[in-house]
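This report refers to the structure that appears directly beneath it.
Hydrogens, waters and symmetry mates play no part in the numbers below; they use all other heavy atoms, side chains included.
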Amino acid sequence: MHILIVRNNSNRQAMEASLLLGLYLDNQGIDHTVCDLGGPDCSDRDERLCAVARQSALAVVLGGDGTMLKTSHLVGSAAVPILGVNFGHLGFLANPNDEGVVALVGQALAGELAEERRTNLAVTVVCEGQRDPFEDGWGDGAPEAFASAQGRCAPASFFALNELAVTRGANGRVIEVGLTIAGQPIDDVRGDGFVVASATGSTAYALSAGGPVLAPLSKNLVAVPISPHSLRSRAIVTDPSDVVELDLSRNGEGRDATVFIDGDLLDLPSAPRRIYVQRGDAPTVLLRSGSQRFYRHVSEVFF
């Protein structure tokens, strides 16, 4: 058995808890790796670290919701259980640390904690000069082989636990986003951008943009316009199987769009032309202690 310990190295309490947990695991003869994901220079896209995370039996996260999000990216679709211990602020994703880190990890190893299978997002970003897989189809081959045969590079795919956000760029001018859901054109929205969130992300950026709060185990997505220049634009909750398409092709020069995944800016090869968001194939598994706290937490934080 191998356990990955992910700590926020800018948080003194999290650092101290990681040392205590390391001693406990050593005494139990359990192999473990410690990694730091705290400062702005810490990357959750390191291939070696991702490989370690996806081969672990358990990922223990010592930090806040931000550290939990980064760890979910390390794990990706590998379905490795993530045990969060909150040393941050909101703590929607992590467990309270009242019982102590060692006690929580002991319960996890004994199989005494409940599993929450959270819906995540699979995001495909098609930039200028790239083939569109949803329009052209990949056929039976790999995306890279299809793109090579067509003489264009393949679009990039991304994992998100919270949300995909498209916002106006550095010049500050409003952008136009064409919204299509399940192949049905819905609206052309002019404003500051658009957010497509999972239920987990419904209490993050989507909430700030005026979207609804979804129960954490909901498989639905929510599409929310950001500061629309309209009195008619509204948030939409989709069916779990729906694909949400954001068309950015109408934004010419001087109306650049910026794309974020779970708060991190994407470094794209050219201007984004079209974005597809759908439910990921495998859920993110969170380990939870105690009874359901979600609605009480929502009440305390937001109401």
Inset, instruction - Can you label the angle between the His73 ring and the Phe159 ring as parallel, tilted or perpendicular, going by 30° and 60°? - result: perpendicular
Inset, instruction - Could you tell me whether the side chain of Val243 reaches within less than 4.5 Å of the side chain of Phe134, counting heavy atoms only? - result: yes
Legend entry - Check: Thr119 and Pro240 side chains under 4.5 Å, non-hydrogen atoms: no
Legend entry - His229: ring-ring contact (aromatic ring centres under 6.0 Å, His included) partners, not counting sequence neighbours: none
Legend entry - Thr71 side chain vs Thr67 backbone, donor-acceptor pair below 3.5 Å: yes
Legend entry - Pairwise distance CZ(Phe158) to OG1(Thr124) - rounded to 0.5 angstrom: 9.0 Å
Legend entry - Flag side-chain contact, heavy atom, 4.5 Å: Glu115 against Leu287: yes
Inset, instruction - May I ask you to decide if Ala160's main-chain N or O and Asn120's side chain share a donor-acceptor pair within less than 3.5 Å? - result: no
Inset, instruction - Can you measure from CD1 (Ile175) to CG (Leu246) and round to the nearest 0.5 angstrom? - result: 9.0 Å
Legend entry - Donor-acceptor contact present, side-chain Asp192 to main-chain Ser227, <3.5 Å: no
Legend entry - Distance, nearest 0.5 Å, that separates CG of Leu164 from CG of Leu121: 7.5 Å
Legend entry - Check: Gly201 main-chain N/O paired with Ser198 side-chain donor or acceptor under 3.5 Å: yes
Inset, instruction - Using a strict cut-off of less than 4.0 Å between a Lys/Arg side-chain nitrogen and an Asp/Glu carboxylate oxygen, indicate whether Arg232 and Asp187 qualify as a salt bridge. - result: no
Legend entry - Asn95 side-chain N/O to Leu104 backbone N/O, donor-acceptor pair under 3.5 Å: no
Legend entry - Check: Arg273 and Asp132 side chains under 4.5 Å, non-hydrogen atoms: yes
Inset, instruction - Using modelled atom types only, decide if a donor and an acceptor are shared between the side chain of Arg117 and the backbone of Leu286 within a distance under 3.5 Å. - result: no
Inset, instruction - Indicate the atoms forming the closest heavy-atom contact of Ser249 with Arg274, along with that distance. - result: OG-NH2, 4.3 Å
Inset, instruction - Return the minimal non-hydrogen interatomic distance between Gly211 and Ala235, and the atom names on each side. - result: CA-CB, 4.2 Å
Inset, instruction - Would you confirm whether Arg54, through its side chain, and Val75, through its main-chain N or O, come within 3.5 Å as a donor-acceptor pair? - result: yes
Legend entry - Nearest heavy atoms of Pro216 and Phe294, plus distance in Å: CD-CD2, 3.4 Å
Legend entry - Minimum heavy-atom distance Val80-Ala59, with the two atoms named: CG1-N, 4.1 Å
Inset, instruction - Please confirm whether the backbone N or O of Ala94 pairs with a side-chain atom of Asn86, one donor and one acceptor, at under 3.5 Å? - result: no
Legend entry - From OG (Ser56) to CG (Asp31), nearest 0.5 Å: 8.5 Å
Inset, instruction - Give the minimum heavy-atom separation between Leu109 and Met1, together with the two atoms involved. - result: CD2-SD, 3.7 Å
Legend entry - Asp262 side chain to Leu161 backbone, donor-acceptor under 3.5 Å: yes
Inset, instruction - Measure from the side-chain N and O atoms of Ser202 to the backbone N and O of Leu214, and report whether any donor-acceptor pair falls under 3.5 Å. - result: yes
Inset, instruction - May I ask you to check whether over 12 heavy atoms, not counting those of Asn171, lie within 6.0 Å of atom CG? - result: yes
Legend entry - Validation row: Leu74, Leu37 side chains within 4.5 angstrom (heavy atoms): yes
